[in-house]
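As structure tokens, the structure follows; a few thoughts come after it.
Quick note on labels: first sequence line is chain A, next is B, and so on, each numbered from 1. Note that the structure is predicted; figures quoted are calculated from it, not measured.
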There are 2 protein chains.
Amino acid sequence: MVTIKDIAKIAGVSPSTVSRVVSNHPRISHETSRKVKAIMEELGYHPNIMAKSLVSKTTQTLGILLPRPAEELFRNEFFGELLRGIVTQATSAGYDTLITTVTKDTDELMAISRLVRGQRVDGILLLSSRTSDPIIGFLQENKFPFVLIGRSDEFPDVLSIDNNNIQAAQDATNHLIRQGHTRIGFINGPSNLVVAQDRLEGYHKALSDANLSTRPEWITSVDMIQESGFRAMSGYMNQPERPSALVVFDDAIAFGVLRGLTELGYNVPDDISLISFNNNPLSELASTPISSVDIGIYHLGYTASQSLLRAAQGKPLPENQLILPHRLVVRQSSINQISKRS
Amino acid sequence: MVTIKDIAKIAGVSPSTVSRVVSNHPRISHETSRKVKAIMEELGYHPNIMAKSLVSKTTQTLGILLPRPAEELFRNEFFGELLRGIVTQATSAGYDTLITTVTKDTDELMAISRLVRGQRVDGILLLSSRTSDPIIGFLQENKFPFVLIGRSDEFPDVLSIDNNNIQAAQDATNHLIRQGHTRIGFINGPSNLVVAQDRLEGYHKALSDANLSTRPEWITSVDMIQESGFRAMSGYMNQPERPSALVVFDDAIAFGVLRGLTELGYNVPDDISLISFNNNPLSELASTPISSVDIGIYHLGYTASQSLLRAAQGKPLPENQLILPHRLVVRQSSINQISKRS
DNA sequence: GGATATAGTGCACACGTTTGCGCTTATTCA
DNA sequence: TGAATAAGCGCAAACGTGTGCACTATATCC
């Protein structure tokens with residue numbers, strides 16, 4: 001490998017000078033700079049990032065923990081899209097992204113600690129979907145730069161990027177109400193996710209604002225596995241007074257719900273309306289195109305990376321909690337062409 | 001940050017000894033090892049990987065280039081699943097995964113060169129879906145360890161992990177033939193992808209083995225965007241002698257095709273059968289569950305990472321080109337309950 | 001024309017780790 | 001019992017880069 005010394009020797013200057021050339025130090029003559037740069041180009045020199053980091057204490061790298069497969073939330077395109085946003089932004093700022101994972105959930109803290117203590121990354125992106133997270137505490141104690149994608153009740157002040165999921169669910173529910181529905185159910189995801197709690201809260205809020213009531217039987221929670229949504233339907237529809245519309249936690253579940261309903265002989269949206277979240281690209285291609293709240297996953301990742309870089313470089317942030325906009329994408333599954341229901 | 005020297009000072013030994021303790025050097029007394037390890041534990045010591053890499057010339061890191069957004073192939077769960085496989089394996093071997101990307105396709109070589117020349121990673125995973133790739137040449141010249149996920153006509157000898165896509169397409173087509181179909185069409189993906197070419201070849205092979213013929217109009221190629229599959233259908237079905245079954249390049253396209261057909265009044269599978277590839281989790285939840293060839297994406301990533309680590313550590317590989325099995329998942333979209341067609 | 005500022009460069013040390021070699025002390029062997 | 005061997009550890013150099021300080025040569029000032 002060609003080092004700074006090799007360049008120095010050929011150019012007839014000291015290694016220090018070469019180092020200053022690469023970092024565009026002002027006190028280097030134009031002449032020298034040109035000569036050195038030419039030689040670097042010719043020899044295909046690239047600085048050894050390890051050596052650089054060792055002295056500069058900065059790695060030009062962002063860290064992120066890949067969620068465990070167990071979290072079915074990430075079996076769909078969610079994580080890929082998020083990552084695209086993160087990496088795209090990071091790259092454009094000259095940073096790379098380091099991914100690691102764990103085999104046991106209990107090892108998560110260890111993995112993070114390794115990155116932090118080993119000075120492997122300049123900052124960490126946290127996908128803290130769960131309600132309680134020891135990692136946040138650890139990072140705060142160590143004053144290590146990090147950004148939370150999501151929200152934490154336990155630590156409300158940390159840097160975070162999120163949608164207003166309460167509002168989003170409220171909007172979705174209101175949309176159904178405007179369509180004339182009065183009996184609206186909610187099919188939620190895993191209840192230990194903050195986002196699941198938020199969406200449920202938004203649902204309740206919208207109902208009470210409209211003076212509508214709900215029932216415990218109308219609210220159910222399924223795993224993120226698609227079939228669950230499907231299975232959930234058979235019992236659900238046997239209720240004496242069943243909902244005429246459903247808010248569903250995620251498109252993947254909605255797919256299962258839609259299929260389950262169809263199989264049971266119900267028509268969407270004539271018999272029952274549907275609206276969901278995350279706007280999976282396939283949602284518009286479902287047998288009945290599924291209405292969905294687009295939360296801008298890519299943008300979420302992009303913004304998170306941007307904030308983290310600012311924080312890692314010690315730059316001030318306009319505000320600590322960024323809320324990104326969501327967008328209601330209304331499709332056939334929630335458009336009630338026939339008549340208003342009572 | 002606590003360094004090896006801090007530990008040494010407290011333990012009353014030399015830094016060398018501490019270093020040997022962490023690497024389990026045989027010539028360290030049990031007593032010393034225990035004492036040093038206790039102190040490391042207490043102070044939360046983690047080795048600085050930059051310093052370590054600097055002398056050991058190894059980074060314990062794998063590199064991968066995130067495909068550009070332009071490659072719609074990766075808008076679905078594909079990349080996420082692949083990454084999960086890669087990172088899981090890498091982590092279990094003590095490696096992390098570094099992701100980088102580019103803003104222009106022409107920068108890809110530069111990005112790779114930066115990783116290689118800057119000694120940022122020990123090996124590189126290539127998602128070379130395209131037919132020609134200058135990166136492969138570069139890595140070969142520099143004798144840098146890398147593994148290709150996919151196949152290269154240009155460089156057939158490089159380390160690679162792939163399915164037998166020709167055989168997979170053959171299997172899919174044969175399945176339709178066994179169902180009694182004689183007019184079988186093919187909806188392909190972007191034609192500059194090796195995998196698209198392979199699947200088309202397998203399709204042709206199966207037909208000619210069964211003495212069946214096809215027509216140019218039966219074969220069409222769409223982008224990976226789902227609507228394309230949808231749009232493609234309107235013209236397609238107006239052919240005088242149209243196929244009674246379709247092989248589709250990817251589930252996302254199949255979703256569009258399925259929806260297009262339904263909208264045009266055709267029933268799947270009664271009027272036209274469908275089989276596709278990649279076995280997207282949502283495929284079984286389509287209005288008509290879509291038959292698909294499962295290519296084991298996670299396993300692909302896992303195996304690729306495994307091979308790369310072997311290569312990076314100079315260990316011999318049993319064979320250079322690994323072919324992973326695929327699996328036909330037959331669902332309703334290709335089961336012909338009514339009658340055989342002529 | 002001497003003092004002072006300024007541009008341009010080199011020296012030497014630092015970053016945290018690994019590792020070959022050499023030094024002690026204890027053990028084994030004939 | 002003396003020599004050879006082995007166990008356990010420290011010294012010092014090295015990895016490639018950044019940077020404070022010092023040094024020289026030139027330009028500027030009064």
Contact boundaries on DNA chain D for chain B, cut-off under 4.0 Å to non-hydrogen atoms: D/dA7 to D/dG16
Distance test, side-chain N/O of [X] to OP1/OP2 of [N], below 4.0 Å:
X	N	value
B/Ser19	C/dT18	yes
B/Thr3	C/dG16	no
A/Arg27	C/dA7	yes

Any side-chain to backbone donor/acceptor pair from [X] onto [Y]? Under 3.5 Å, distance only.
X	Y	result
B/Asp107	B/Met110	no
B/Asp6	B/Thr3	yes
B/Gln119	B/Thr58	no
A/Gln89	A/Thr303	no

Verify whether one side chain among A/Asp96 and A/Thr61 offers a donor that lies under 3.5 Å from an acceptor in the other. no
Donor + acceptor pair across side chains of B/Thr32, B/Ser29 (<3.5 Å): yes
Would you say that B/Thr100 contacts B/Leu115 through its side chain, given a criterion of any heavy-atom pair below 4.5 Å between the two side chains? yes
Side chains of B/Phe144 and B/Val121: closer than 4.5 Å at any heavy-atom pair? yes
Using a 4.0 Å heavy-atom cut-off, does [X] contact any base of the nucleic acid, only the sugar-phosphate backbone, or nothing at all?
X	result
A/Lys5	base
A/Val18	nothing
A/Ser16	base
B/Pro47	sugar-phosphate

If you find the nucleotide of DNA chain D closest to B/Pro26 and the one closest to B/Val55, which residue's nucleotide is nearer the 5' end? B/Pro26
Interatomic distance where [atom1] belongs to [X] and [atom2] belongs to [N] [whole Å]:
X	N	atom1	atom2	value
A/Arg117	C/dT17	CZ	C1'	18 Å
B/Asn24	C/dT19	CG	P	13 Å
A/Asn48	C/dG16	CG	C1'	14 Å
B/Lys9	C/dT17	NZ	P	13 Å
B/Ile4	C/dT19	CD1	P	11 Å
A/Lys35	C/dG8	NZ	C1'	12 Å
A/His25	C/dA7	NE2	P	11 Å
B/Lys57	C/dT17	NZ	P	18 Å

A/Thr32 side chain: which of C/dG10, C/dT17, C/dG8 is closest? C/dG8
Closest of C/dT17, C/dT9, C/dC21 to the A/Arg20 side chain is C/dT9
